Amino acid sequence: MVGVGLLILTLGMGFTGYLLPWDQKAYWATTVGTSIAGTVPWVGPIIQKALRGGPELSALTLSRFFAAHIWMIPALLGGAIGVHLFLIIKHGESQFPEKQD
Ligand code: HEM
């Protein structure tokens with residue numbers, strides 16, 4: 001489950017990073033991506049507005065995505081990697097090299 005979380009966070013890095021060049025391709029890809037998020041039943045419009053920082057894509061979206069891309073998601077990724085490695089050792093799927101006996 002933690003590994004699936006890592007995958008989803010990595011997809012989040014791709015999604016937020018793609019807006020950062022702030023060119024036409026980035027703008028329209030993120031317009032489409034956030035519109036898809038807006039189609040989730042019930043909570044879609046709230047998610048869409050939270051992602052965009054308003055009703056439409058703007059400089060606010062860019063600063064949100066930048067913050068998410070350079071520290072929020074990497075911080076979550078770092079934590080999830082730590083938990084993932086911890087559980088690998090705890091569950092005995094692997095062990096430290098010096099404990100080979
Ligand atoms: C899993 C790791 C990462 C993924 C999947 C990822 C993904 C992306 C993608 C797809 C872009 C758009 C590139 C383009 O179209 O030119 C991008 C841009 C960018 N990323 Fe990341 N990124 C990752 C890690 C990082 C990290 C660790 C940083 C810095 C702390 C970072 C900073 C940036 C910046 C500043 C840009 C804008 C570059 C530009 O506008 O030319 N990224 N990222």
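Bear in mind the structure is a predicted one, so any value in this text is a computation, not a measurement. Whatever order the structure lists them in is the order used to number ligands and atoms, beginning at 1.
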- Message: Under 4.0 Å from atom 41 (O) of ligand 1, can you find at least one protein heavy atom?
- Response: no
- Tell me which protein heavy atom sits closest to atom 29 (C) of ligand 1, plus the residue, atom name and distance to 0.1 Å. I70 CG2, 3.9 Å
- Minimum-distance protein heavy atom relative to atom 4 (C) of ligand 1: M13 CB, 3.7 Å
- Report yes if some heavy atom in the side chain of L77 is under 4.5 Å from a heavy atom in the side chain of L6; otherwise report no. yes
- Would you give the length of the straight line joining atom CZ of R52 to atom OG1 of T31, rounded to the nearest 0.5 angstrom? 6.0 Å
- min-distance protein heavy atom vs atom 15 (O) of ligand 1 -> P21 CG, 3.5 Å
- Got the closest protein heavy atom to atom 12 (C) of ligand 1, with its distance? G17 O, 3.2 Å
- Task: Can you see which heavy atom on R64 is nearest to which on K49, and at what distance?
- Result: NH1-O, 4.2 Å
- Walk me through it: do F15 and F65 pass the test side chain to side chain contact (heavy atoms under 4.5 Å, CB included)? CA-CA 9 Å; F15 184 59; F65 274 48; 3.7 Å; yes
- Task: Report the nearest protein non-hydrogen atom to atom 35 (C) of ligand 1: residue, atom name, distance rounded to 0.1 Å.
- Result: F66 CE1, 4.1 Å
- Could you tell me the residue and atom name of the protein heavy atom closest to atom 36 (C) of ligand 1, and the distance to it rounded to 0.1 Å? L20 CD1, 3.5 Å
- Query: Looking only at distance, does H69 have an N or O less than 3.5 Å from an N or O of ligand 1?
  - Reply: yes
- Query: Hey, any chance M72 and V2 share a hydrophobic cluster, counting ILVMFWY side chains that come within less than 4.5 Å of each other, even indirectly?
  - Reply: no
- Applying the 4.5 Å side-chain criterion to the ILVMFWY set and letting contacts propagate, would L19 and M13 be lumped into a single cluster? no
- So which protein heavy atom does atom 10 (C) of ligand 1 come closest to, and at what separation? G14 O, 3.9 Å
- Kindly give the heavy-atom pair with the smallest separation between A37 and I47, and that separation in Å. CB-CG2, 4.1 Å
- Message: Going by a strict under-4.0 Å cutoff (protein heavy atoms only), does atom 38 (C) of ligand 1 have a neighbour on the protein?
- Response: no
